[in-house]
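Data block below; observations after.
For reference, positions follow the sequence shown, starting with 1.
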Amino acid sequence: MNQHTITLAQAADLPRLFDVWHRAVVATHDFLSPADIDFLSPFVRIELERVVREQLLHVLRDTSDEVYAFLCVEKHKIEMLFVHPEQRGNGAGRHLVTFAIASLGAMAVDVNEHNGLGHGFYLHLGFIEESRSELDPFGKPFPILHLELAKKG
């Protein structure tokens, strides 16, 4: 079992970060074709570089210091959360979301409507659906659910 110690990502982590993203998307986003993933890849590489440079990307590392999960929060919104498929189910995602809420003030997240596992995960952690967009940010027909943390009391 991993310790789940959260640290900031470093520039040297970029190849591994992209690999974790790619493997996680292939494993969980079965509604995306290989062409869709290829389309997204250059945007993801650029965005990963930016959030690492701006020290917005938090990571979990295994015992050999290799990144296996990562999280980005900007303006109180979880913008990225990806866990390597071999590490799914070990509590990494829950740990990162708990950290995002408690330490980074996260209150919102978007999730692809067709990503049933991701949607269910966020609902289980206390998020509720606030609205829906028919198209993704690239104008493609992958509806996005906009979730917000349920208000307490």
Side-chain angles (χ1 to χ4, degrees), residues 1-52 56-74 77-101 103-104 106 108-130 132-149:
M1 188 70 175
N2 295 299
Q3 294 279 334
H4 296 314
T5 301
I6 299 172
T7 61
L8 284 171
Q10 305 298 316
D13 296 322
L14 284 166
R16 176 64 176 178
L17 292 166
F18 181 81
D19 183 57
V20 169
W21 171 81
H22 189 266
R23 289 173 186 258
V25 167
V26 168
T28 61
H29 292 57
D30 57 0
F31 56 93
L32 294 176
S33 70
D36 293 323
I37 295 171
D38 288 346
F39 171 81
L40 291 171
S41 291
F43 296 103
V44 170
R45 287 184 191 280
I46 290 166
E47 194 61 4
L48 285 171
E49 288 176 16
R50 180 185 72 79
V51 296
V52 168
L56 297 171
L57 200 73
H58 294 82
V59 300
L60 294 174
R61 298 175 186 277
D62 62 20
T63 54
S64 61
D65 205 36
E66 192 142 59
V67 171
Y68 65 90
F70 64 86
L71 162 88
C72 175
V73 173
E74 284 190 276
K77 183 176 173 189
I78 297 171
E79 295 289 353
M80 297 182 200
L81 175 65
F82 293 95
V83 178
H84 192 285
E86 292 174 5
Q87 297 283 351
R88 282 183 53 215
N90 76 0
R94 173 188 296 271
H95 187 68
L96 285 169
V97 170
T98 301
F99 171 79
I101 294 166
S103 300
L104 304 176
V109 64
D110 289 347
V111 65
N112 286 96
E113 183 176 69
H114 295 108
N115 181 355
L117 288 175
H119 185 211
F121 170 77
Y122 288 116
L123 293 178
H124 183 74
L125 293 180
F127 288 84
I128 56 172
E129 189 175 329
E130 287 293 323
R132 179 183 184 271
S133 298
E134 194 64 35
L135 304 175
D136 74 6
F138 295 100
K140 295 192 178 273
F142 300 115
I144 302 295
L145 301 174
H146 307 286
L147 310 178
E148 290 186 12
L149 200 56

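Arg16 places a side-chain heavy atom less than 4.5 Å from the side chain of His84. At least one side-chain heavy atom of Leu40 sits under 4.5 Å from a side-chain heavy atom of Leu32. Under the 4.5 Å side-chain criterion, counting only non-hydrogen atoms from C-beta, His95 is in contact with Ile6. Annotation: side chain of Phe121 is not in contact with side chain of Val111 (no heavy-atom distance under 4.5 Å). Annotation: side chain of Glu74 is in contact with side chain of Val51 (closest heavy-atom distance under 4.5 Å). With a 4.5 Å cut-off on side-chain heavy atoms, Thr5 and Arg61 do not count as touching. Looking only at side-chain heavy atoms (C-beta outward), Leu17 and Val59 come within less than 4.5 Å of each other. Counting heavy atoms from C-beta on, the side chains of Phe70 and Val52 never come closer than 4.5 Å.
Pairing each heavy atom of Ala100 with each of Leu71, the nearest pair is CB-CD2, 3.8 Å. The minimum heavy-atom distance between Ala12 and Pro15, with the atom names listed, is O-CD, 3.6 Å. The minimum heavy-atom distance between Val67 and Val20, with the atom names listed, is O-CG2, 3.7 Å. Scanning all heavy atoms of the two residues, the minimum distance from Leu60 to Ala92 falls at CD1-CB, 3.6 Å. Summarising the geometry of Cys72 relative to Leu57, their closest heavy-atom pair is CB-CD1, 3.7 Å, with the distance given to 0.1 Å. The two residues Ala106 and Ile78 come nearest to each other via the heavy atoms CB-CG1, 3.9 Å.
With sequence neighbours excluded, the residues that form a ring-ring contact (aromatic ring centres under 6.0 Å, His included) with His29 are Phe31. Take Phe99 and apply the ring-ring contact (aromatic ring centres under 6.0 Å, His included) test, not counting sequence neighbours, and it matches His58. Checked against side chain to side chain donor-acceptor pair (under 3.5 Å), Arg23 has the following partners two or more places apart in sequence or in another chain: Asp19.
The structure places CZ of Phe82 at 12.0 Å from CG of Leu96, a figure rounded to the nearest 0.5 Å.
Within the structure, salt bridge (charged side-chain N to carboxylate O under 4.0 Å, His left out) contacts touching residues 113-130 (residues at least two apart or in different chains) are Glu113-Arg132. The list of side-chain hydrogen bond (donor to acceptor under 3.5 Å, both in side chains) pairs with a residue in residues 35-47, not counting sequence neighbours, reads Ser33-Asp36, Glu47-Arg50.
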Query raised in the report: Does the side chain to side chain contact (heavy atoms under 4.5 Å, CB included) test come out yes or no for Phe127 and Ile101, once each step is laid out?
Result: CA-CA 11 Å; Phe127 288 84; Ile101 294 166; 4.1 Å; yes

Report task. Give the C-alpha distance, both sets of side-chain angles, the deciding distance and a yes or no for side chain to side chain contact (heavy atoms under 4.5 Å, CB included) between Arg88 and Thr28. Result -> CA-CA 10 Å; Arg88 282 183 53 215; Thr28 61; 3.6 Å; yes

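With a 6.0 Å radius and a threshold of 12 heavy atoms from other residues, nucleotides or ligands, Glu66 has its CD atom above the threshold.
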Anything under 3.5 Å between a donor and an acceptor, one on a side chain of residues 138-148, the other on a protein residue two or more places apart or in another chain? List them.
residue	atom	partner	partner atom	Å
His146	ND1	Asp110	OD1	2.7
His146	ND1	Asp110	OD2	3.3
His146	NE2	Ser133	OG	2.5

